[in-house]
Number of protein chains: 2
Amino acid sequence: MIDDQVGDVLTALADPTRRSLLDALAVAGQASATVLAAGLPVSRQAVVKHLQVLEAAGLVTGARSGREVRYVVRPDPLDATADWLAARSAAWDRRLRSLKRAAEAPPAAP
Amino acid sequence: MIDDQVGDVLTALADPTRRSLLDALAVAGQASATVLAAGLPVSRQAVVKHLQVLEAAGLVTGARSGREVRYVVRPDPLDATADWLAARSAAWDRRLRSLKRAAEAPPAAP
DNA sequence: TTGACCTGCTACCCGAGGGTTGCACGTTCT
DNA sequence: AGAACGTGCAACCCTCGGGTAGCAGGTCAA
């Protein structure tokens, strides 16, 4: 079950601060927590916590370079989650059509 | 900006109870809060609250039928969110490739 | 070597949200 | 009419998560 990973990604993405954090990281390519905090209305510690959540979800990886940690965005889990959502949507759609057909078709059975 | 709707969908999907609620609704086609509560380890009121969140996100609609309210799943917002995520992932990917190319290619600097 | 800088804890505050209970109201069945 | 069922509202707990402040430790540059 990759279901857990999807759950982590969804909870990670549920927070607006985390979303803008990811956006900032994407345009910067790589950045440290301190740099990222400078562009957001929150403290560095808050950014660090968010980065931990994002890293746990696999959306980001941090690599130490001397005295700073460079974080980089990882598109793969996002992609997987998108697929998961699309599959869900398709399944629901099929299910709804099937039920609708079943409700319309048989005028038999008084 | 459909950004807000995506945010609502993500926060709605972040909760495990809400996800299983959606699954149950999808297989049932339509169901009332009381019926749904019977299949989950939470009270009816909790289910009602979750359904309100889901309805606000557009993932579900409730229609009154006599003394009960039948809820039905709506795949569209899910689909839109999946597209949004896929677009994000693709954008990040392009950005990463671009930066990598820029880092490797130019030993020249005008 | 010393000072400046960035990171990594730890402890703490506080509001939001998931969950519950209890009761009043409309609807259906007998 | 009366009983049974489903819904809606309101008040209330309590945990969790986002946010902050403060301090210790590693790393780079004068």
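Order of the sequence lines fixes the chain letters, A, B, ..., with proteins taken first and strands second; residue numbering starts at 1 for each chain.
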Do the side chain of [X] and the main chain of [Y] share a donor and acceptor less than 3.5 angstrom apart?
X: A:Arg19; Y: A:Leu13; value: yes
X: A:Arg97; Y: A:Leu99; value: no
X: A:Arg88; Y: A:Ala90; value: no
X: A:Arg18; Y: A:Thr11; value: yes

Distance in angstrom units between [X] [atom1] and [N] [atom2], rounded:
X: B:His50; N: C:dA16; atom1: NE2; atom2: P; result: 18 Å
X: B:Arg44; N: C:dG18; atom1: CZ; atom2: P; result: 18 Å
X: B:Leu36; N: C:dG19; atom1: CG; atom2: P; result: 14 Å
X: A:Asp15; N: C:dG15; atom1: CG; atom2: P; result: 18 Å
X: A:Leu51; N: D:dG19; atom1: CG; atom2: P; result: 12 Å

So, is [X] close to the [N] phosphate, meaning a side-chain N or O under 4.0 Å from OP1 or OP2?
X: A:Ser43; N: D:dT20; answer: yes
X: A:Thr17; N: D:dG19; answer: yes
X: B:Arg67; N: C:dC25; answer: no

Nearest-nucleotide 5' precedence on DNA chain D, B:Val35 against A:Val53: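 Upstream on the strand: B:Val35.
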Can you tell which of [options] lies closest to the side chain of [X]?
X: B:Glu68; options: D:dG18, C:dG19, D:dG6; answer: D:dG6
X: B:Val42; options: D:dG8, C:dT20, C:dA4; answer: C:dT20
X: B:Gln45; options: C:dT20, C:dG26, C:dG18; answer: C:dT20

Can you find a donor-acceptor pair, distance only, under 3.5 Å between B:Arg64 side chain and C:dG26 base?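 No.
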Would you kindly check whether a donor in the side chain of A:Lys49 faces an acceptor in the base of D:dG19, or vice versa, at under 3.5 angstrom?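 Under the 3.5 Å cut-off, the side chain and the base do form a donor-acceptor pair.
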For A:Arg70, which contact category applies under a 4.0 Å heavy-atom criterion: base, sugar-phosphate, or nothing?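 Here A:Arg70 touches no strand at all.
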Please tell me if the side chains of A:Val72 and A:Leu25 come closer than 4.5 Å, counting only heavy atoms from C-beta onward.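 With C-beta onward as the side chain, the pair stays apart.
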